[in-house]
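For clarity, every value in this text was computed on a predicted model and none was experimentally measured.
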Amino acid sequence: MWTDEELRELETCAARLLAQVRESDGFEQVSAQVAEAQAVDAGLVAVMTAGLVKSFGMYREPRYLRQEAYVWEALDGVRRARVRPLSGLLLYWAGGDVSPYVPQEVWGQGLVEHHYEETATENALDYSATNFDTCGGFGLGSVGDALLELAEDRGLRELEVFAPLEKLLVVRSLQCAREAVRKAVESEAFRALPREASFQVLAMPGHDAPACLLWRTP
């Protein structure tokens with residue numbers, strides 16, 4: 001469904017998909033969903049920002065940390081556990097367990113010693129460990145509702161306009177998430193995270209989709 005390259009330039013990808021939607025057969029039958037895909041939703045950005053700030057606080061709670069999140073060190077003859085700093089956060093667009101499998105929520109996974117590189121052919125992501133089980137998260141609001149409306153209607157799924165419109169809605173949600181991340185990293189909750197100075201926020205917009213970079217520390 002996705003190529004690695006198209007997720008690197010979200011504005012370009014959105015413009016191309018919107019033009020394709022407008023030229024596709026069945027455009028008139030999905031006017032409500034197209035309206036949701038016209039631009040970045042400021043309301044969804046606000047919801048995502050609040051969800052991210054809340055999640056940043058949860059990521060520090062011991063009950064969410066995995067065993068591999070700790071390093072044991074000896075200090076004055078006493079072994080103490082130190083939380084390994086996060087090098088990045090991977091946001092994952094999750095769908096339902098049954099059909100339709102369109103994204104409905106975004107979940108976070110803390111990365112340790114990760115490496116992300118954009119090559120000529122792929123967005124390569126590798127990491128040595130994850131600090132916490134997936135926790136926190138937030139919904140996709142009206143964009144998620146539009147995705148579900150499209151996917152649940154067999155007649156709409158068979159239209160030519162379905163494929164580009166589905167992708168466009170997901171891209172809009174990625175753009176909203178990017179704006180939300182830029183706001184959320186200004187919070188005290190983010191500053192309190194045990195993290196490396198060089199930090200990245202990545203997104204994976206669905207099962208088997210490539211990762212893409214949303215934000216990195218300046």
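In this structure, CG on Leu169 lies 8.0 Å from CD on Glu36, to the nearest 0.5 angstrom. Here the CG-CH2 distance, from Asp208 to Trp2, works out to 14.0 Å after rounding to the nearest 0.5 Å. In this structure, Glu152 CD and Leu147 CG are separated by 11.0 Å, a value rounded to the nearest 0.5 Å. The CD atom of Glu196 sits 5.0 Å away from atom OG of Ser87, with the distance rounded to the nearest 0.5 Å. Rounding to the nearest 0.5 angstrom, the gap separating the CH2 atom in Trp107 from the CZ atom in Phe138 is 10.5 Å. The OG1 atom of Thr12 lies 13.0 Å from the CD atom of Glu5; values are rounded to the nearest 0.5 Å.
Formation of a donor-acceptor pair under 3.5 Å by the Arg216 side chain with backbone atoms of Ser198 is not found in this model. Here the side chain of Asp126 pairs no donor or acceptor atom with the backbone of His115 at under 3.5 angstrom. Judged by distance alone, the side chain of Asn131 and the main-chain N or O of Val112 form no donor-acceptor pair under 3.5 Å. In this structure, the side chain of Thr119 engages the main chain of Glu122 through a donor-acceptor pair within 3.5 Å. Side-chain atoms of Glu68 come within 3.5 Å of backbone N or O of Thr130 as a donor-acceptor pair. Side chain of Gln29 to main chain of Gly26: no donor-acceptor pair is present (N/O by atom type, distance under 3.5 Å, no hydrogens or angles). Proximity of a side-chain donor or acceptor of Arg172 to a complementary backbone N or O of Gln38 within less than 3.5 Å is detected. Checking side-chain atoms of Asp76 against main-chain N and O of Val78 turns up no donor-acceptor pair under 3.5 Å. The closest donor-acceptor contact from the side chain of Gln104 to the backbone of Gly144 lies under 3.5 Å.
Trp215 and Val185 make their closest contact through CZ2-CG2, 3.8 Å (heavy atoms, listed as atom of the first residue, atom of the second, distance). Residues Pro205 and Pro103 share a closest heavy-atom pair of O-CG, 4.3 Å. The two residues Trp72 and Arg79 have their closest heavy-atom pair at CB-NH2, 3.1 Å. Nearest heavy-atom pair across Gly57 and Ala189 is N-CB, 4.2 Å. Residues Val40 and Val45 come closest through the heavy atom pair CG1-CG2, 3.9 Å. Nearest heavy atoms, Cys13 versus Val171: SG-CG2, 3.8 Å.
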Output, in order, the C-alpha distance, side-chain angles, deciding distance and verdict of side-chain contact (heavy atoms from CB on, under 4.5 Å) for Gln20 and Lys167.
CA-CA 11 Å; Gln20 190 175 346; Lys167 291 184 72 170; over 6 Å; no

side-chain contact (heavy atoms from CB on, under 4.5 Å) between Cys176 and Val143: does it pass, once the steps are laid out?
CA-CA 10 Å; Cys176 289; Val143 172; 5.6 Å; no

Walk me through it: do Glu149 and Asp153 pass the test side-chain contact (heavy atoms from CB on, under 4.5 Å)?
CA-CA 6 Å; Glu149 290 165 3; Asp153 189 315; over 6 Å; no

Verify side-chain contact (heavy atoms from CB on, under 4.5 Å) between Tyr70 and Val83, making sure each step is shown before the conclusion.
CA-CA 5 Å; Tyr70 295 97; Val83 176; 3.8 Å; yes

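One finds a salt bridge joining Arg191 and Glu188 here, because a Lys/Arg side-chain nitrogen approaches an Asp/Glu carboxylate oxygen to under 4.0 Å.
Other cluster members for Val47: none, since no ILVMFWY side-chain heavy atom sits under 4.5 Å from it. In this structure, Leu75 stands alone, with no Ile, Leu, Val, Met, Phe, Trp or Tyr side-chain heavy atom under 4.5 Å from its own, directly or through other members. Annotation for Leu125: hydrophobic cluster partners, listed by chain and number, are Leu90, Tyr92, Leu111, Tyr116, Tyr127, Leu202, Met204, Leu213 (ILVMFWY side-chain heavy atoms under 4.5 Å, direct or chained). Apart from Val71 itself, the hydrophobic cluster it occupies contains nothing, where clustering links Ile, Leu, Val, Met, Phe, Trp and Tyr at side-chain heavy-atom distances under 4.5 Å.
Exactly one of Arg182, Lys183, Gln175 qualifies for a side-chain hydrogen bond (donor to acceptor under 3.5 Å, both in side chains) with Glu179. That residue is Arg182. Tested against Val106 for a side-chain contact (heavy atoms from CB on, under 4.5 Å), the candidates Leu52, Leu174, Leu140 yield a single pass: Leu140.
Annotation: side chain of Asp4 is not in contact with side chain of Thr121 (no heavy-atom distance under 4.5 Å).
With sequence neighbours excluded, no residue forms a salt bridge (Lys or Arg N to Asp or Glu O under 4.0 Å) with Arg157. With sequence neighbours excluded, the residues that form a ring-ring contact (aromatic ring centres under 6.0 Å, His included) with Phe199 are Phe190.
Cluster membership check: Leu214 does not share its hydrophobic cluster with Val53, using side-chain heavy-atom separations under 4.5 Å among Ile, Leu, Val, Met, Phe, Trp and Tyr.
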